[in-house]
Structures are given as structure tokens and as C-alpha cells.
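Structure first, commentary second.
Residue numbers start from 1 in every chain, and the chains themselves are labelled A, B, ... in the order their sequence lines are given, proteins ahead of strands. As the structure is a computational prediction, the values presented were derived from the model and not from experiment.
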There are 2 protein chains.
Amino acid sequence: MNTNGRTPSASTPLGAELDRRQTIYDAMVHLIYLKGYNGAPLRAVAESIGIRMPSLYHHFASKEDLLLEIMSRTMNDLTESVSTAINECGSDEPEHRLRAAILAHVAFHAERREEAFVADSELRALDADNRALIASLRDKYEELFAQVLRDGRSKGIFINLDERLALNALLGMCSQVSVWYRSGGRLTIDDVSKGYSDLFLSGVLSPH
Amino acid sequence: MNTNGRTPSASTPLGAELDRRQTIYDAMVHLIYLKGYNGAPLRAVAESIGIRMPSLYHHFASKEDLLLEIMSRTMNDLTESVSTAINECGSDEPEHRLRAAILAHVAFHAERREEAFVADSELRALDADNRALIASLRDKYEELFAQVLRDGRSKGIFINLDERLALNALLGMCSQVSVWYRSGGRLTIDDVSKGYSDLFLSGVLSPH
DNA sequence: GTCTATATCTCGATAGAC
DNA sequence: GTCTATCGAGATATAGAC
């Protein structure tokens with residue numbers, strides 16, 4: 001008997017399978033976002049989508065495999081989004097490229113805030129091998145910003161600040177958007193991404 | 001000065017009791033920092049300080065009580081530190097007061113990074129009542145920065161940025177210090193706190 | 001693909017001896 | 001104040017029917 005009120009589609013098994021995987025993925029993201037990986041029981045994930053817990057194992061090999069997919073997919077999508085934004089901003093000037101990168105990073109952390117938050121906070125839940133894998137994706141991602149910052153500094157466009165410090169300040173500030181942003185709230189994604197890039201580029205002091 | 005606001009006495013049983021409480025507190029902080037509240041078993045906390053798990057219950061009523069003490073003590077100490085820094089900076093100018101607040105916030109998040117990280121990330125592990133209690137402490141803390149930002153904006157010293165956005169950007173940037181800072185590393189606390197306050201006040205663009 | 005039933009383990013917490 | 005022993009709940013994961 002079907003207890004979840006859905007209509008199973010008998011015609012496209014592959015499509016249905018991908019839909020189911022995505023439904024599980026989304027439910028898992030949401031619960032980890034709310035309670036953390038270790039506070040998100042698979043029973044609750046299953047219940048939230050109207051199936052029983054053992055059924056999840058038809059779609060995923062283990063709980064950690066599911067977390068790994070969330071983190072790797074998110075990191076890859078984020079990297080592609082920011083990389084594209086930098087390359088297609090139509091400028092070689094570090095200021096414009098940095099602004100484009102910040103806009104893309106902030107937009108991603110607002111639009112896909114739960115995934116981004118999980119990717120940023122659950123490294124510690126992975127075992128050593130998987131942790132190293134995601135850490136390398138993160139390093140590759142951060143290098144996108146590091147290159148822009150280096151370029152701007154060597155051209156004298158940016159001040160002579162320690163690169164690692166500037167990178168940590170920037171990413172720390174922009175990634176926190178996934179913690180507090182609410183879609184439909186007072187601030188739009190454009191408000192936030194423009195405000196953040198203005199702030200990082202020019203600071204809070206009025207020109208004088 | 002001791003960090004828990006109590007008056008320790010060296011040779012009495014009460015002093016020994018406080019030492020033991022502090023040892024448990026520190027071990028719990030460290031394990032939650034590494035693995036999160038739900039990934040930090042009390043058995044491991046006890047083992048790390050050479051006692052058995054049930055002995056912990058002589059010092060704390062429950063696991064959540066221990067977390068609550070960590071978060072409330074940390075928030076109170078942080079608030080006092082930043083509040084004192086603002087009031088004793090010897091200036092009424094918003095720029096100087098903001099700089100003093102940032103220096104104190106960053107220093108705290110570097111010196112007591114594990115406690116600060118736990119206080120910033122484990123709100124979700126508390127039940128509704130305790131969560132509301134810590135959230136109110138956090139609101140009170142953030143108001144310290146909000147007042148300085150408001151004051152600076154109304155005086156025309158700061159640019160006309162949305163207050164909540166600026167506050168989130170600032171605290172997000174500065175609180176992340178607890179994630180990456182390593183004492184004894186390449187950057188001193190002074191390097192970080194000065195670099196961060198310069199960045200937030202003036203941005204990364206070179207003056208032109 | 002989903003189910004029921006279950007194995008195995010670990011968790012927080014308590015009881016009571018010393 | 002710490003110990004051993006234990007309880008009951010809930011976790012991930014597996015087996016096998018349908």
C-alpha cells in the first residue's frame with residue numbers, strides 16, 4: 001500500500017529512480033542543516049518523505065555515502081558557478097573579477113543555502129579518505145579567489161594584505177550568508193551580493 | 001583572571017571540585033569542537049581525562065547542562081570583553097570604537113577559539129528553552145556592534161549600508177577566525193585583528 | 001522498490017557498592 | 001568522587017518476503 005500520497009510513475013523507471021534519489025538527497029540536506037549529520041537519523045529522513053528507513057538503502061550505500069554526495073556535488077557546482085562567473089565577466093581587471101566571484105559565491109550561498117551550509121560545516125563527519133577528498137575540492141575552490149587576490153595585489157590594485165588572511169576574511173564573511181539569509185525576506189540576493197562586494201572592496205568608512 | 005567567573009580556592013575540597021569541573025568542561029569543549037555535540041560521546045570525554053563516564057554525573061546534571069554552561073559562560077565572557085574594550089577605548093568616535101570592538105572580538109575568537117566555535121555552532125543542539133536563553137545572550141552581544149554601526153552611520157562616518165547586512169558581514173567574517181586560527185602559527189593575534197579591522201573599515205582596494 | 005523483522009552497537013543516564 | 005553493572009532507547013545496517 002502506498003502511504004505517501006504520491007503517484008508512482010511506471011513508465012520511466014530511470015527518471016523515477018533519479019527523482020527518488022533527489023528527494024532523499026533534499027530531505028537529508030534539510031535535516032542535516034537543521035540538526036547536523038550526527039543529529040539527523042535516517043529514520044527521520046525516510047519518514048519526512050513517506051517511506052521506511054531500510055528503503056533508503058536501495059538508493060544509497062550508506063549514510064556517509066549520502067553525505068559525501070551532498071558535499072562533493074555542492075562543492076563541484078559551487079566551483080563551476082564561480083569559475084564561470086569569473087571567466088565570463090568580460091574583464092581582466094582584478095576588481096571586476098573579484099566582484100564577479102563574490103556575486104556568484106554569495107548568490108550560491110543564498111540560493112542553495114542548506115547545501116552550502118552542510119558543505120561548509122560537516123567535513124568533520126567524514127572519515128579520513130572522504131575528508132581528504134572534499135578538502136582537496138575546497139582547496140581548489142579557494143584557489144579561484146586566491147588567484148584573483150594575488151593578481152590584484154601584484155598589480156597594485158589591492159592593498160598589500162596577507163593573502164591567506166584576506167582570503168579567510170572574504171570567504172568567512174560571504175559563506176555565512178548560508179546561515180542567516182532567508183529568501184522572500186527584506187533583502188534580495190542582489191542586495192546582499194552587491195552590499196558584500198562593496199564592503200569587501202571599499203570598507204565601511206565613508207570616503208573623505 | 002580565571003575564566004569561569006568563580007572564586008577558586010586552592011586547597012579546599014571546593015577548589016578541587018572546581019578544578020574537576022573545569023577539566024571536564026575543557027575536555028567537553030575540545031571534543032564538541034572536533035566532532036560536534038551529537039558526535040561527542042560522554043564516554044570519550046571521560047576517557048580523555050582518565051575517569052569513567054558515570055563519574056561525570058557527580059559534576060554535571062546532564063550532557064545538555066554541560067553544553068549550556070559552555071555556551072552561556074562563553075557568551076557572557078565574550079560580551080564582557082567586547083563591552084569593556086569599547087568603553088575603555090578612550091574615544092567617542094565610532095571608527096575607534098568599532099576598531100576596539102573588532103580587536104576584542106577577534107582576539108577572543110583566537111584565544112578561546114574552541115569555546116567560541118562551540119558557542120557559534122551548537123545552538124541547534126539545545127532544547128527550546130535553553131536555545132531561547134542563549135539566543136537572547138547573542139542578541140544582546142550583537143547589539144554592542146549594532147549600536148556602534150548605527151552611531152557611525154548617523155554621524156556620516158560610515159557609509160549608508162543596511163545595518164543588519166553590515167552586522168552579519170562583520171560578525172561572519174570575524175567569527176570565522178575560530179575556525180582557522182592556529183596559535184603559534186605564521187599570523188599573530190595582532191596580525192589578524194589589525195588586518196580584519198583594516199579590511200572592514202577600508203576594504204581591499206588601494207586608495208587612489 | 002518498499003516492506004517487516006531483526007542483528008548489532010552505542011548512546012545517555014541510573015543504582016548502588018566502596 | 002569514582003567505580004562496576006545495567007537499563008532502555010535509538011542508531012546504522014542487513015535479510016528476505018512481496
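Rounded to whole angstrom, the span from the CG atom of B:L56 across to the P atom of C:dG12 amounts to 10 Å. As rounded to whole Å, 13 Å separates atom P of C:dA13 from atom CZ of B:F60. Atom CD in A:E47 sits about 14 Å away from atom C1' in D:dG10, given to the nearest Å. The distance between atom CG of A:N38 and atom C1' of D:dT12, rounded to the nearest whole Å, is 12 Å. Counting to the nearest Å, the P atom of D:dT12 and the CD atom of A:E64 are 12 Å from each other. What separates CG of A:L66 from P of D:dT12 is a distance of 11 Å, to the nearest Å. We find that NZ of A:K63 is positioned 13 Å from C1' of C:dT10, with the value rounded to whole Å. The interatomic distance linking B:L31 (CG) with C:dG12 (P) rounds to 10 Å, in whole Å.
No hydrogens or angles considered: nothing links the side chains of B:H59 and B:Y25 as a donor-acceptor pair under 3.5 Å.
Contacts of A:A46 with the nucleic acid, taken as non-hydrogen atoms under 4.0 Å apart, are absent. When heavy atoms are screened at a 4.0 angstrom cut-off, B:A44 is found touching no nucleic acid atom at all.
Put simply, the side chain of A:L67 does not reach to within 4.5 Å of the side chain of A:F60, judged on heavy atoms. You'll find the side chain of A:T74 reaches within 4.5 Å of the side chain of A:F108, heavy atoms only.
Of the two residues near DNA chain C, A:M53 and B:A61, the one whose nearest nucleotide lies more 5' is A:M53.
OP1 and OP2 of C:dC3 both lie 4.0 Å or more from every side-chain N or O belonging to A:H58. For D:dT2, one of the phosphate oxygens OP1 or OP2 lies less than 4.0 angstrom from a side-chain nitrogen or oxygen of B:R20. Look at A:S55 and you'll find a side-chain N or O under 4.0 angstrom from OP1 or OP2 of C:dC3.
Distance from the side chain of B:P54 is smallest to C:dT14 among C:dG1, D:dT14, C:dT14. Of all nucleotides listed (C:dT4, D:dA5, D:dT2), D:dT2 comes nearest to the side chain of B:I51. The side chain of B:L42 approaches C:dG12 more closely than any other nucleotide in the set D:dT2, C:dG12, D:dT14. Picking from D:dG1, C:dA13, C:dC11 the nucleotide with the shortest atom distance to the side chain of B:P41 gives C:dC11.
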Quick one, A:D26 with A:T23, criterion side-chain hydrogen bond (donor to acceptor under 3.5 Å, both in side chains). Give me CA distance, side-chain angles, the key distance, then yes/no. CA-CA 5 Å; A:D26 291 341; A:T23 303; 5.9 Å; no
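Using a cut-off of 4.0 Å between Lys/Arg side-chain N and Asp/Glu carboxylate O, A:R186 and B:D162 are scored as salt-bridged.
Under 3.5 Å, the side chain of B:R43 and the base of C:dG12 form at least one donor-acceptor pair of N or O atoms.
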